[in-house]
Protein chains: 2
Amino acid sequence: MSEGIVGSVVREMRSPMSAGTDPSGERGDVLERVRHAILDGQFMPNQRLVEADLSLQFGVSRSAIRAVLTQLTGEGLVERVANRGARVRAVSLEEAIEISEVRMAVEALCAAKAAERATDEDLAVLREIADAMRRAVADGDVLGYSELNRRLHATVRTASGQHVAESVLERLRGQNVRHQFRLALLPGRAAVSLPQHLEIIEAIRARDPRRAETAMRDHLASVIETLPQVGSS
Amino acid sequence: MSEGIVGSVVREMRSPMSAGTDPSGERGDVLERVRHAILDGQFMPNQRLVEADLSLQFGVSRSAIRAVLTQLTGEGLVERVANRGARVRAVSLEEAIEISEVRMAVEALCAAKAAERATDEDLAVLREIADAMRRAVADGDVLGYSELNRRLHATVRTASGQHVAESVLERLRGQNVRHQFRLALLPGRAAVSLPQHLEIIEAIRARDPRRAETAMRDHLASVIETLPQVGSS
DNA sequence: GGCGCCATGATTGTTGACAAACAATCCGCC
DNA sequence: GGCGGATTGTTTGTCAACAATCATGGCGCC
């Protein structure tokens, strides 16, 4: 309990557990719930994850929580040290850049394969996303655009039919959500990325693998270039 | 440890656990030991991994084994189904190809970065590997060549300084060892891959990122092309 | 003779309690 | 008043026993 000041300053109170979290509610996977709590920012980076607390909060036994923590550690979302417990892993700016570099390599592969193998339905979805993106930018809807961005990349991944690449990317995305999110909030960012996104979509719809690959590469190169502007956390 | 026949059907006997495996020996990480048992082929693909058996075999409690199994499941080496236990995951030929495709993308990145950032010591190691590879091929030392192959790729990865790529590749390699190994055993394979390996080394030693990247790409494209000849396992 | 049902055995999943490790606090002593 | 060492409290790691689940084999019934 107590135990203060980490990274920037994450208060170390044992989960206040204010109102919500009906203990009986949601028999649904605890793994999912904890993962989302981290991804949604309910659990901040460097925040301690005490097994007993989570056990109460999610209404499951400590062993269940323990298993969840080892799984999330494997996914790179949680950091665990010897006899000192687990905490939400904070990814540095340098690592965020490395992650984006790997993403660039793998998503370029996916874009090329998507251009070859996308179904007509995939292409229709892509067109919808393109239209919605244009609208979101016109309306200044930053959050909506961010969500569309996520959907675009997800659609390209699944359209590629490359399951291994898909899982690798899913993993990397999880570690990077925070940086991704802050990036999307940069003023003027959407204006830069919109044409890149549209070009990716166009290339895939034209079924041109090479063009799709370079479009994706260019887009992520731009992301990497911009990343330093969001600060290290 | 007997227990034969993999391909279609793995007999379902609880590991006979013949002689070895002193229970008191090796206080060393159980995770490592189980992982190596899988990677070294002591545990064959699709072989059941019964918790109680492993518990006895490795001289640790069942909970420890349980934790190890969830971790290895996260690494993609073990497959677990609901209330039916764990088994060594068998990767299909199709998946092996997908894995190699992703490897191609990421290792190309590493090769380029290695060409930029390799230390003089790295370059010296690479030259030694090149020489040893030539000798191994001349002597027909297939196993030695296979090990050198592993070392070459490992050296390129670490020389790249791209930690994220490194961990992704390490993961993928683990899932692919069996196919990799069978590939190395193909007659005449070394004669094909040797010049490719030498070209990778040359390109990095020349500090030419583009050349290193395409050399690595070409090499892995050749691997992917040859993979179907080893059968699906 | 085949089909379905129940008993049995083998394995996994879960729980609770205990031991070990670490951090913080408190006390006496210099 | 500050420092070293023991003590307390908190949290993780481990263990053994129990409950739940699934597969298997035998038995009766149609």
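Just so you know, these numbers come straight off a predicted model, no measurement behind them. Numbered from 1 within each chain, the chains take letters A, B, ... in sequence-line order.
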Residue pair A/Thr119, A/Asp122: steps toward the side chain to side chain donor-acceptor pair (under 3.5 Å) verdict: CA-CA 5 Å; A/Thr119 66; A/Asp122 290 329; 3.1 Å; yes
Heavy atoms within less than 4.0 Å of DNA chain D: which residues of residues 66-81 of chain B have one? Give them sorted by number.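 Close to the strand, none.
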Please indicate whether B/Arg151 has more than 12 foreign heavy atoms, meaning atoms of other residues, nucleotides or ligands, lying under 6.0 Å from its CZ. no
Separation of B/Leu54 atom CG from C/dT12 atom P, in whole Å? 9 Å
Taking atom P of C/dC18 as reference, at what distance in whole Å does atom CD of A/Glu51 sit?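 Roughly 19 Å, once rounded to whole Å.
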Reading 5' to 3' through nucleotides 15-24 of chain D, protein heavy-atom contacts under 4.0 Å coded B for base, S for sugar-phosphate only, - for none: B-----SSS-
Measuring from atom CZ of B/Arg66 to atom CZ of A/Arg66, what distance do you get when rounded to the nearest 0.5 angstrom?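 Going from CZ on B/Arg66 over to CZ on A/Arg66, the span is 12.5 Å.
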Could you tabulate the donor-acceptor pairs under 3.5 Å formed by side-chain atoms of residues 74-85 of chain B, not counting sequence neighbours?
unit_1: B/Glu75; atom_1: OE1; unit_2: B/Arg35; atom_2: NE; d: 3.0
unit_1: B/Glu75; atom_1: OE2; unit_2: B/Arg35; atom_2: NH2; d: 2.8

Criterion salt bridge (Lys or Arg N to Asp or Glu O under 4.0 Å) against B/Glu170, the qualifying member of B/Arg103, B/Arg157, B/Arg150: B/Arg157
Looking only at heavy atoms, which two atoms of A/Ile204 and A/Ala111 are closest? And how far apart? CG1-O, 4.2 Å
Candidate pair A/Thr226 and A/Arg189, rule side chain to side chain donor-acceptor pair (under 3.5 Å), full reasoning: CA-CA 9 Å; A/Thr226 317; A/Arg189 174 65 196 160; 3.1 Å; yes
Counting the atoms with a prime plus P, OP1 and OP2 as sugar-phosphate, which does B/Ile65 contact under 4.0 Å by heavy atoms, base, sugar-phosphate, or nothing?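 It contacts nothing in the nucleic acid.
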Hey, what's the ring geometry for A/His153 with A/His219, parallel, tilted or perpendicular (30° and 60° as the breaks)?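 Taking A/His219 first and then A/His153, their aromatic rings lie parallel (interplane angle under 30°).
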